[in-house]
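Treat the numbers as computed from the prediction; the structure is a model and nothing was measured. Chain letters run A, B, ... following the sequence lines, proteins first, then strands; residues in each count from 1.
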Amino acid sequence: MQSIYYQLINKMEIASKYNPSEVEEKWYKYWLENKFFHSEPDNREPYTIVIPPPNVTGVLHMGHMLNNTIQDILVRRARMMGKNACWVPGTDHASIATEAKVVAKLATEGIKKTDLTREQFLEHAWEWTHKHGGIILEQLKKLGASCDWDRTCFTMDEKRSESVYKVFVDLYNKDLIYRGVRMVNWDPQAKTALSDEEVNYKEQQGKLYYLRYKIVGENGCAVIATTRPETILGDTAVCINPNDPKNVQLKGKKVIVPLANREVPIIEDDYVDVEFGTGCLKVTPAHDVNDYMLGEKYNLEILDIFNDNGTLNQHGLQYAGMDRFAVRKQIEKDLEAAGLLEKVEAYTNKVGFSERTDVPIEPKLSMQWFLKMEQLAKPALDAVMNDDIQLHPPKFKNTYRHWMENIKDWCISRQLWWGHRIPAYFLPQGGFVVAATKEEAYQKALSTVNYPLSIEDLRQDEDCLDTWFSSWLWPISVFDGINEPENKDIQYYYPTNDLVTAPEIIFFWVARMIMAGYEYRHKPCFHNVYFNGIVRDKLGRKMSKSLGNSPDPIDLINEYGADGVRLGMLLTSPAGNDLPFDSELCVQGRNFSNKIWNAFRLVKGWEVADIAQPESSRLSIEWFDGLLSKTIEEINDLFDKYRLSEALMAVYKLFWDEFSSWYLEMVKPAYQQPIDKKTYEATLNFFDDLLRILHPFMPFITEELWQALAERKSEESIMVVSMPQAKTYKADFLSEVEKAKEIIGNIRTIRLQKNIPNKEVLGLEVLTVDDNSLNSVIIKMANLSGIAKVEEKSPGAVSFLVGTTEYAVPLGNNVNVEEELEKLNTELVYLQGFLKSVVAKLSNEKFVANAKPEIVDNERKKQADAESKIKTLQESIEALKI
RNA sequence: GGGCUGUUAGCUCAGUUGGUUUAGAGCAUCGCCUUGACAGGGCGGGGGUCGACGGUUCGAAUCCGCCACAGCCCACCA
């Protein structure tokens, strides 16, 4: 099959433009059929990446595109470097996001979540998941992702769920999980607690209300400033700063809460800012984090005035049942009417909003499950600080350390149904047991209670676990390393090698995975973390659905080809830097595809004959062979440093500038002339090597051309051949070629300036005794009749310097003396300026005394070179003047 | 408010313990070329007092101080 294709493409007129859509699907299918993506443990060194699981019902956006392109490059390269590469794909159940989508979908059908039982709701959720799930994985295939699809996981599939329950029970048994009343960020719309990380603070134009609290047994008032007058119904104290001279008269008194008419004490704490408002603070322990801390400290009563949906409860008195914001408006009027409102000022403050529902969050006391973090954080912090786990770029180390050193306990419960239900079972007469299954819980319960108990008496906690509580196990759970800690896969693939993710989730996910890794495998879960930037639009705005500024990656792939888009994403994307995306970048990627395609057309179009190899071709091959090795070394080094964009640029220049613009031109036979066999074969070998180096970046076009480059057996693929290795090369020879290129460049410039067509053959004189081994190449590339060694250049020759050697192109009457003089003078002025700066340096005694000897020697050499060049120039100028 | 980054050509970025011609790359821009791989091309050019000001040094884009601006993270004064 492959050979037929090979013959066809050889005979056929190849199209002048590369058509990606024709080839991409074909090769992806070919790779799948041959199971090239699949990995099983063997004797090779493993290379493992686990995908950051996208939301199960999500669709591919530009961020995924960038993230997965990088992973695919790393995986494909590792595979070609001889490693057993395994990239595990999967999806995340994304409890809040998915539940929100299902609720919204049900709402369009007129169904309220509260009308459904948990089981009914979950049926809808699973239906939704099956319908929309996995789309994103299919989209990943379009970009060429070489994931081991046989290993696809879902955070809520059987094994992953089992892992979650096991870990919960284990941590509970280790006394790291506890239940407690805490002030949480309550989302009254989603009716769930949110982590601090899920709250966005926004500036709001609000009001600052000054309220009068009558002093008990006196005529006076304490005036208190607040932004939230509705919370006075939950006030259980008023607090002043003990060092505040303004409020000494309040010490030890009691005041009456307006409207509620309750007496509350005045307490003293230096938490209160003397400068703010009146220096008096109302304390509402149930509805403000800081007030809660004061409440704990002074043992104040806690009065919760809200229902879960943000309306007021019975403590809200006459306002019971009203929404919190309606109450704020009403209470302002009522206070005013009662003469208890001193004044109202405009005030700008920051209010927390739910990341998911965009509703103002309500600090609320609530019974939640927590995971103690201090003990878990310790090894995770050390691992990053001592580089057992390296962050790329390393600037994130500081951020990481700061968070880990100030870590707070993780609230792991969420008031949702879609997710892993907390495996805690309440007993009929109080207390609870924690166990992975209801049966185990029952057994455990029987041994703790001394009353008759049936399994139906157990009531499982209604809440779910935070989504991250399953994803923090991901590098372990995808290999089933929690359930079967000794299994072959986990032993072989763990620790994974690289993690590629966005810096936004360094705490949500990365830090927690590291903790889980040490807790459950006593090893790092990966060795390197590569943070890709955030994809922004041209104006620097984050791409988002609401702004509508995000292109659909699939559209881009259709327009520019997957390889083109991959290149576009990576071209200006150093690790950790945001990527201002512009489809122009994909144009550059597509143009490069086309360049490769056309280079292939050229080479494949050559007629091969049994003729002698020209000297220039022999030299060109020697040169490119060396350059290839040198560049491979550079690329390897860049990959070691995770500088992927720079590695890509090195390959890009190697192919475009060095191979296409120089090498191919050097060996190209004259029009309709054949090429010698030796040169042809060397060129095909170079092409083969270049395609291999390019493959991780551009998998499709490289496969297409590699298959067509030579006759291939079936089941062969570029993706499983080895990456070219650097050989030793002669650096001197490479720099000699650079000099030859400079000579050629100078002659080209002369042609351009004198309007001499490339077809016209020129002569070249060189004023030196040294031989240049590359004359044959120069003659060919510059279209020269020959190179003559002379002691004095011809009259009417245009000269130039390369290094300290002077070259001259005789042009007869063609020389414009004025122009020539001006050009030479410009160069002379530059060199004299340069010489002056060098001489100044060298005549500075302190420089000569203090600088390293090699630096001084180098300056002397610069001086000699400049002097020699100046002399040559002056001679040329004199000669022209005659 | 606290902390961490950063500021180099129109744009995106390199610049490796201070010295390698008077700062580089890709893209963009400009000029010229153009039947023989490729106009999605070739060749050539222009463009930066390295954010500002001080300091250390024989020598600073590079080290130190201060300032300005930007981005991110943390906190969240009622």
Side-chain angles (χ1 to χ4, degrees), chain A residues 14 16-18 196 199 201 208 224-228 231 239 271-273 275-277 280-284 288-291 347 349-352 393 395-403 406 503-504 506-507 534 538 540 571-574 576-580 582 584-585 587-588 590-606 641 643 645-646 648-650 652-653 656 660-661 664-665 668 670-672 745 748-749 751-753 755 757-758 830-831 833-838 841 844-852 854-856 858-859 861-863 865-866 869:
Chain A
I14 310 170
S16 74
K17 284 172 191 170
Y18 170 60
D196 290 346
V199 177
Y201 286 88
L208 191 59
I224 296 171
T226 178
T227 54
R228 299 200 60 192
T231 61
C239 189
Y271 161 75
V272 176
D273 182 350
E275 300 302 318
F276 190 91
C280 278
L281 173 73
K282 66 192 229 26
V283 184
T284 322
D288 182 280
V289 182
N290 296 301
D291 292 9
Y347 185 71
N349 69 337
K350 284 185 175 174
V351 178
K395 66 176 178 186
F396 289 108
K397 264 172 97 166
N398 276 327
T399 321
Y400 181 85
R401 192 192 59 215
H402 192 255
W403 193 73
N406 297 289
E504 304 159 291
I506 183 166
F507 307 127
I534 297 165
K538 259 195 280 194
L571 273 166
T572 58
S573 182
N577 279 31
D578 284 2
L579 165 64
D582 184 341
E584 277 301 304
L585 293 165
V587 172
Q588 198 183 343
R590 181 194 57 190
N591 291 354
F592 188 46
S593 303
N594 222 33
K595 185 74 190 176
I596 300 168
W597 181 259
N598 277 295
F600 179 81
R601 273 178 74 210
L602 172 70
V603 172
K604 272 302 187 177
W606 286 336
K641 294 174 179 155
R643 302 172 78 145
S645 290
E646 285 177 62
L648 171 61
M649 191 43 69
Y652 179 90
K653 286 195 266 191
W656 199 308
S660 298
S661 298
L664 288 180
E665 294 298 330
K668 191 171 166 180
Y671 183 53
Q672 291 193 329
R748 282 173 175 169
T749 309
R751 284 182 185 276
L752 198 66
Q753 283 166 349
N755 231 330
N758 292 327
Y830 169 83
L831 276 170
F834 174 65
L835 179 64
K836 206 174 146 192
S837 77
V838 175
K841 230 185 228 184
N844 182 335
E845 280 170 37
K846 286 181 179 171
F847 170 71
V848 181
N850 294 327
K852 284 184 215 147
E854 59 267 31
I855 301 293
V856 179
N858 193 44
E859 289 303 312
K861 190 171 167 293
K862 282 194 216 166
Q863 183 188 10
D865 278 7
K869 283 179 182 179

With sugar-phosphate meaning primed atoms plus P, OP1 and OP2, does [X] contact a base, only sugar-phosphate, or nothing at under 4.0 Å between heavy atoms?
X      : result
A/G352 : nothing
A/K869 : base
A/N594 : base
A/E665 : base
A/R590 : base
A/N844 : sugar-phosphate
A/S593 : nothing
A/V848 : nothing

Against the side chain of A/W403, the closest entry in B/C4, B/C74, B/A78 is B/C74
Of all the choices, B/G36, B/C43, B/C74, which nucleotide is nearest to the side chain of A/R748 once you look at every atom?
B/C43
Can you tell me how far apart NZ (A/K282) and SG (A/C239) are? Round to the nearest 0.5 Å.
12.5 Å
Comparing A/L281 and A/Y671 on RNA chain B - which has the more 5′ nearest nucleotide:
A/Y671
Assert: residue with more 5' nearest nucleotide on RNA chain B, out of A/T399 and A/Y830, is A/Y830
In whole Å, measure the gap between the [atom1] atoms of [N] and [M] for me.
N     : M     : atom1 : result
B/C53 : B/U62 : P     : 12 Å
B/U17 : B/C77 : C1'   : 47 Å
B/G15 : B/U8  : P     : 14 Å
B/C50 : B/U5  : P     : 24 Å
B/A52 : B/A68 : C1'   : 7 Å
B/G42 : B/A60 : P     : 41 Å
B/C11 : B/U49 : P     : 13 Å
B/U56 : B/G65 : P     : 15 Å

With the sugar-phosphate defined as primed atoms, P, OP1 and OP2, and the base as all remaining atoms, what B/S/- string results for nucleotides 7-20 of chain B, 5' to 3', for protein heavy atoms under 4.0 Å?
-----SSSS---BS
Expressed in angstrom and rounded to an integer, what is the separation of [X] atom [atom1] from [N] atom [atom2]?
X      : N     : atom1 : atom2 : answer
A/F276 : B/G1  : CZ    : P     : 15 Å
A/L752 : B/G31 : CG    : C1'   : 8 Å
A/Q672 : B/A37 : CD    : P     : 10 Å
A/K595 : B/G26 : NZ    : C1'   : 15 Å
A/K397 : B/U5  : NZ    : P     : 12 Å
A/D273 : B/G1  : CG    : C1'   : 12 Å
A/D288 : B/C77 : CG    : P     : 6 Å
A/F396 : B/G71 : CZ    : C1'   : 11 Å

How close do A/D291 and A/T284 get, counting heavy atoms only, and between which atoms?
OD2-N, 2.7 Å
Donor-acceptor pair, side chain of A/N858 and main chain of A/E854, under 3.5 angstrom:
no
Who passes ring-ring contact (aromatic ring centres under 6.0 Å, His included) against A/Y652, sequence neighbours left out?
A/F592, A/W656
Just the atom pairs and distances: protein N or O near nucleotides 27-29 of chain B's N or O, under 3.5 Å.
| residue | atom | partner | partner atom | Å |
| --- | --- | --- | --- | --- |
| B/C27 | OP1 | A/Y652 | OH | 3.4 |

Contacts of type salt bridge (charged side-chain N to carboxylate O under 4.0 Å, His left out), residue [X], not counting sequence neighbours:
X      : value
A/K595 : none
A/K836 : none
A/K869 : none
A/D288 : none

Would you call the rings of A/Y347 and A/F276 parallel, tilted or perpendicular, where under 30° means parallel and over 60° means perpendicular?
perpendicular
Considering residues at least two apart in sequence or located in another chain, which fulfil the side chain to side chain donor-acceptor pair (under 3.5 Å) criterion with [X]?
X      : answer
A/K395 : none
A/D578 : A/R536
A/E504 : A/K542
A/Y271 : A/N290

Counting just side-chain N and O atoms, does [X] come under 4.0 Å of either OP1 or OP2 of [N]?
X      : N     : value
A/Y347 : B/A78 : yes
A/K17  : B/C38 : no
A/K395 : B/G3  : no

Verify side-chain contact (heavy atoms from CB on, under 4.5 Å) between A/W606 and A/K668, making sure each step is shown before the conclusion.
CA-CA 9 Å; A/W606 286 336; A/K668 191 171 166 180; 4.2 Å; yes
Could you write out RNA chain B as a dot-bracket string, with dots for unpaired bases, | for bases paired across to another strand, and Watson-Crick or G-U pairs counted at under 3.5 Å?
(((((((..((((.....[....)))).(((((.......))))).....(.(((..]....))).))))))))....
